[in-house]
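To keep things clear, I will list the structure first and then write my remarks on it.
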Amino acid sequence: MYAIAIHGGAGALPAQGLSGERQQQYRESLAAALDAGYAVLERGGSSLESVVAAVRALENDPLFNSGRGAALTREGGAELDAAVMDGSTLRAGAVAAVRHVRNPVDLAQRVMEKSRHVLLVGAGAEEFALEEGFELVPNAYFRTAERQAELELLRGGRSVSELMPSPQGTVGAVALDAAGNLAAATSTGGMANKRPGRVGDSPIIGAGTYAKNGVCAVSATGHGEYFMRLVAAHHIAASVEYRGVSLQAAVHETLHERLRALGGSGGIIAVDAAGRISLDFTTQGMFRGARDSTGMRQIAV
Ligand code: ASP
């Protein structure tokens with residue numbers, strides 16, 4: 001059995017709804033990323049390789065809030081966060097507030113594999129990227145006209161859903177491979193109009209990203225401050241492992257009861273050791289997809 005799930009962010013839908021054409025674009029992008037991750041599993045590759053492949057595809061796609069097309073800080077720059085976790089070893093790698101790394105998820109994996117650390121931020125992360133031979137790009141590479149328009153709306157005190165065709169659009173993937181290994185990856189530009197230096201839940205192991213073999217792999221999207229305070233991804237894994245509840249029940253309780261009680265909203269994708277997938281959210285919508293070796297394949301906006 002092998003399985004993968006992806007998300008492209010959870011949030012409010014635009015007041016006028018997503019146009020048919022726009023929906024189609026999102027579906028195609030999600031399908032391409034899902035299939036890129038699934039192809040790795042199909043040829044016997046690891047869940048870690050699979051989640052990185054899916055997230056990299058979404059980072060390169062300007063429709064989503066990660067890599068190119070990332071949400072902008074209140075000063076108009078992009079500051080990117082990403083994390084990966086390998087459930088078979090409990091090793092993890094993450095980067096935060098990087099401004100010049102084209103694919104932050106690749107750097108997060110490199111931090112895990114080649115450094116003695118788990119989380120590198122800002123200039124130090126970029127120095128590491130240079131040493132590792134990563135190609136750096138100008139910060140403007142990440143900025144799109146849509147994100148600029150979004151920032152201007154938010155600066156003017158208006159809500160993004162008045163104009164924006166998309167929810168926030170952080171991306172993530174979770175997978176179980178044929179060898180039974182679980183992995184998770186998440187990548188984001190964070191919250192639009194954030195203060196420079198702000199770091200959300202995505203690169204915080206246990207908050208927005210977590211994986212443990214025999215238990216589950218989790219990737220979150222939504223208002224990061226709340227996911228951090230709940231240590232949401234680890235809370236789900238701990239619920240499955242110690243309380244013996246199903247993955248679906250653990251995800252549901254975390255989102256609909258605990259997160260909601262704090263005043264937060266968002267979505268979670270997760271897969272357990274048997275390949276059961278949970279895609280859940282408290283927001284109006286979540287871009288998502290899932291596929292497994294029984295032939296199940298779904299994409300939804
Ligand atoms: N969770 C992300 C953050 O707070 C944002 C998102 O998922 O849209 O940085």
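Shown here is Gln248, whose CD atom has no more than 12 heavy atoms of other residues, nucleotides or ligands within 6.0 Å. More than 12 heavy atoms of other shown residues, nucleotides or ligands fall within 6.0 angstrom of atom CZ in Arg91.
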message = side chain to side chain contact (heavy atoms under 4.5 Å, CB included), that's the test. Do Gln298 and Leu279 meet it? Break it down for me.
response = CA-CA 11 Å; Gln298 71 171 92; Leu279 312 165; 3.8 Å; yes
query = Does the pair Glu150 and Leu72 meet the rule for a side chain to side chain contact (heavy atoms under 4.5 Å, CB included), with working shown?
reply = CA-CA 9 Å; Glu150 172 188 56; Leu72 303 174; over 6 Å; no
message = Is there a side chain to side chain contact (heavy atoms under 4.5 Å, CB included) between His235 and Leu230? Walk through the geometry before answering.
response = CA-CA 7 Å; His235 176 77; Leu230 272 186; 5.8 Å; no
inquiry  = Please evaluate residues Leu90 and Met85 with respect to the criterion side chain to side chain contact (heavy atoms under 4.5 Å, CB included), reporting the C-alpha separation (whole Å), side-chain torsions for both, the decisive distance (0.1 Å), and the verdict.
reply    = CA-CA 7 Å; Leu90 293 188; Met85 185 155 183; 3.7 Å; yes
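Listed for the Lys212 side chain is no donor-acceptor partner under 3.5 Å among the backbone atoms of His234. For the pair Asp201 (side chain) and Ala207 (backbone), a donor-acceptor distance under 3.5 Å is absent.
Rounding to the nearest 0.5 Å gives a distance of 14.5 Å between CE of Met191 and CZ of Arg74.
Among the candidates Val218, Val174, Ile4, the single residue satisfying the side chain to side chain contact (heavy atoms under 4.5 Å, CB included) test with Val271 is Val174.
When the salt bridge (charged side-chain N to carboxylate O under 4.0 Å, His left out) test is applied to Arg258, the partners found at least two apart in sequence or on another chain are Glu253. For His100, the ring pair (Phe, Tyr, Trp, His ring centres under 6.0 Å) test picks out no residue, with sequence neighbours left out. Considering only residues two or more places apart in sequence or on other chains, Arg56 meets the salt bridge (charged side-chain N to carboxylate O under 4.0 Å, His left out) condition with Asp106.
In plain terms, the two heavy atoms of Pro62 and Thr144 that are nearest each other are CB-CG2, 4.1 Å. The minimum heavy-atom distance linking Gly275 with Ala3 is given by the pair O-CB, 3.9 Å. When all heavy atoms of Val95 and Ala125 are compared, the pair lying nearest together is CG1-CB, 4.3 Å. Nearest heavy atom pair, residue Asp81 against residue Ala97, reads OD1-N, 2.9 Å. Of all non-hydrogen atoms in Ser219 and Ala185, the two that sit nearest each other are OG-O, 3.5 Å. When all heavy atoms are compared, the tightest approach of Ala270 to Val251 is CB-CG2, 4.1 Å.
The cationic atom of Arg110 (NZ for Lys, CZ for Arg) does not lie both less than 6.0 Å from the six-membered ring centre of Phe128 and within 45° of the ring axis.
Between Leu151 and Arg147, the closest side-chain pair of non-hydrogen atoms is not below 4.5 Å. Looking only at side-chain heavy atoms (C-beta outward), Leu48 and Glu113 come within less than 4.5 Å of each other. In this structure the side chain of Leu176 never reaches within 4.5 angstrom of the side chain of Tyr2, judged on heavy atoms. The side-chain heavy atoms of Phe281 and Ser265, taken from C-beta on, include no pair separated by under 4.5 Å. Considering only heavy atoms from C-beta on, Lys114 stays 4.5 Å or farther from Glu131 through its side chain. Counting heavy atoms from C-beta on, the side chains of Thr221 and Thr188 never come closer than 4.5 Å. Looking at Val55 and Thr186, their side chains never come closer than 4.5 Å, going by heavy atoms from C-beta outward. The closest side-chain heavy-atom distance from Val199 to Val121 is not below 4.5 Å.
Taking the six-membered ring where tryptophan is involved, the planes of Tyr226 and His223 are perpendicular, since the angle between them exceeds 60° and thus also 30°.
Classification of Arg99 and Glu75 as a salt-bridged pair fails, no side-chain N sitting under 4.0 Å from a carboxylate O.
With hydrogens and angles left out, the side-chain atoms of Asp280 and Ser278 include no donor and acceptor closer than 3.5 Å. Thr73 and Glu79 share no donor-acceptor pair across their side chains, judged by distance under 3.5 Å alone. A donor-acceptor contact under 3.5 angstrom links the side chains of Asn60 and Asn103, judged on distance only.
In this structure, Met112 is a member of the same hydrophobic cluster as Val105, with clusters built from ILVMFWY side-chain heavy atoms closer than 4.5 Å.
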